[in-house]
Amino acid sequence: MADLLTAPPVLPGKFAFFFDLDGTLAGIEPHPDDVVVPDLVLENLQQLSRQNEGALALISGRSMAELDVLASPYHFPLAGVHGAERRDIHDQLHIVSLPDTLVQALHAQLSSALELLPGTELEAKGMAFALHYRQAPHHEAAIFSVARSVAEAHPELALQPGKCVVEIKPAGINKGAAIAAFMAEAPFKGRTPVFFGDDLTDEAGFSVVNQASGMSVKVGPGETVAGWRLENVASVWQWISDVANQQQQQIAQNNGRNHYGSLSRRL
């Protein structure tokens with residue numbers, strides 16, 4: 001059972017930070033286009049990134065293009081579509097793709113199926129499809145039936161349930177694999193991972209972080225393998241601010257000691 005995280009722990013050493021977006025850095029909205037990350041939260045994320053040599057990434061089911069818009073004007077390493085697309089610290093892209101013919105066929109099949117389910121919405125992501133039913137929760141069983149039929153017909157695909165959504169994506173793609181890929185590269189390599197998420201899609205990330213003896217934090221209620229829990233998005237915002245300020249104070253103290261040491265040596 002995840003312990004309630006009421007205040008940031010002292011974070012000595014080197015850490016790598018990973019954040020989901022919807023439900024973690026921003027509240028869940030009726031439509032994905034309504035989501036906004038407050039400017040102050042973005043400023044604190046940028047500060048935290050700068051203080052940790054750039055070892056901070058956003059890990060989301062959204063596309064990287066959407067993440068860049070939501071994080072503007074800042075430019076972070078990203079994993080979009082649950083890791084099917086990834087941008088490392090050097091802006092190198094790592095993309096998992098599906099054949100164009102398959103993407104086109106699936107788009108036509110899913111569009112036709114969802115037209116029969118008013119209130120549902122198909123989101124095409126290139127290499128994945130999200131079937132949303134937040135506005136029509138009574139269609140949940142039908143949505144899952146459609147998604148399962150597609151996955152069963154195409155072994156190279158897998159399903160990823162989420163909050164009022166199920167995604168059809170390439171098999172083997174998940175947020176845990178994305179975090180592991182980042183952790184194999186500088187500036188993340190050799191650091192202790194810290195990951196915040198709120199949804200079923202984040203559980204694979206929690207598992208990878210736990211295996212690395214990192215800090216996994218579930219936002220909101222629900223069963224989880226995460227070791228810690230924050231109550232809501234506002235608590236995440238406060239945690240980021242507190243840790244960024246805590247680290248800044250530690251840096252200032254270290255700089256002060258270094259300056260005193262240099263002065264003593266000169267004297």
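Numbering starts at 1 and runs along the sequence shown. Predicted model, so just to flag it, every value in this text is computed and none were measured.
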**Study point:** Non-hydrogen atoms of Asn44 and Ala244 that approach each other most closely
**Key:** O-CB, 4.2 Å

Review point. Quick one: ring pair (Phe, Tyr, Trp, His ring centres under 6.0 Å) partners of Phe188, sequence neighbours excluded?
Key: Phe18, Phe182

Practice item. For the pair Arg86 (side chain) and Ile95 (backbone), establish whether a donor and an acceptor sit closer than 3.5 Å, ignoring hydrogens and angles. Key: no

**Study point:** Which atom of Leu56 lies closest to which atom of Leu45, heavy atoms considered
**Key:** CD1-O, 3.6 Å

Check your understanding: Which pairs with one or both residues in residues 199-226 pass ring pair (Phe, Tyr, Trp, His ring centres under 6.0 Å), sequence neighbours excluded?
Key -> Phe195-Phe206

Point to revise | Glu85 side chain vs Met64 backbone, donor-acceptor pair below 3.5 Å | key: yes

Exercise for review: Could I get the full list of salt bridge (charged side-chain N to carboxylate O under 4.0 Å, His left out) partners for Glu123, not counting sequence neighbours?
Suggested key: none

Practice item. Look at the rings of Phe19 and Phe17 and say which category their plane angle falls in: under 30° parallel, 30 to 60° tilted, over 60° perpendicular. Key: parallel

Review point. Can you find a heavy atom in the side chain of Tyr133 that is under 4.5 Å from one in the side chain of His138?
Key: no

Exercise for review: Kindly write out the residues that satisfy side-chain contact (heavy atoms from CB on, under 4.5 Å) with Ala128, not counting sequence neighbours, or none if the list is empty.
Suggested key: Val81, Lys125, Lys169

Review point. Quick one: salt bridge (charged side-chain N to carboxylate O under 4.0 Å, His left out) partners of Asp91, sequence neighbours excluded?
Key: Arg87

Exercise for review: Would you please name every residue forming a side-chain contact (heavy atoms from CB on, under 4.5 Å) with Ala212, sequence neighbours left out?
Suggested key: Pro193

**Study point:** Any donor-acceptor N/O pair, Asn210 side chain to Val225 backbone, under 3.5 Å
**Key:** yes

Practice item. Check Val35 against Ala26 and note the closest heavy-atom contact, atom names and distance. Key: CG1-CB, 3.5 Å

Check your understanding: Would you find a donor on one side and an acceptor on the other, under 3.5 Å apart, between the side chain of Glu53 and the backbone of Pro187?
Key -> no

Check your understanding: Counting distance only, does the side-chain N/O of Asn174 pair as donor-acceptor with the main-chain N or O of Ala177 below 3.5 Å?
Key -> yes

Exercise for review: Determine which pairs satisfy side-chain hydrogen bond (donor to acceptor under 3.5 Å, both in side chains) with at least one residue from residues 143-166, sequence neighbours left out, and list them in order.
Suggested key: Lys163-Asp198

Review point. Residues two or more places apart in sequence or in another chain: which of them pass side-chain contact (heavy atoms from CB on, under 4.5 Å) with Pro38?
Key: Val41, Trp237

Practice item. Hydrophobic side-chain clustering at under 4.5 Å (ILVMFWY, transitive links): who's grouped with Ile89? Put none if nobody. Key: none

Practice item. With sequence neighbours excluded, tell me which residues meet salt bridge (charged side-chain N to carboxylate O under 4.0 Å, His left out) with Asp22. Key: Arg62

Review point. Between the side chain of Ser111 and the main-chain N/O of His107, is any donor-acceptor distance below 3.5 Å?
Key: yes

Point to revise | From Leu70 atom CG to Leu21 atom CG, the distance as rounded to the nearest 0.5 Å | key: 5.5 Å

Check your understanding: Looking only at heavy atoms, which two atoms of Pro170 and Met127 are closest? And how far apart?
Key -> CD-O, 3.2 Å

Exercise for review: Please identify each residue that fulfils side-chain contact (heavy atoms from CB on, under 4.5 Å) with Val208, with sequence neighbours left out.
Suggested key: Ile179, Ala180

Review point. Can you tell me how far CG of Leu42 sits from OH of Tyr74, rounded to the nearest 0.5 angstrom?
Key: 7.0 Å

Check your understanding: Any donor and acceptor pair, going by atom type alone, linking the side chain of Ser216 with main-chain N or O of Gly227 inside 3.5 Å?
Key -> yes

Revision key, fill the gap. Lys189 meets the salt bridge (charged side-chain N to carboxylate O under 4.0 Å, His left out) criterion, sequence neighbours left out, with none

Point to revise | Spatial distance of atom CD (Gln104) from atom CG (Asp100) [nearest 0.5 Å] | key: 6.0 Å

Review point. What distance do Thr24 atom OG1 and Asp199 atom CG have between them, rounded to the nearest 0.5 Å?
Key: 8.5 Å

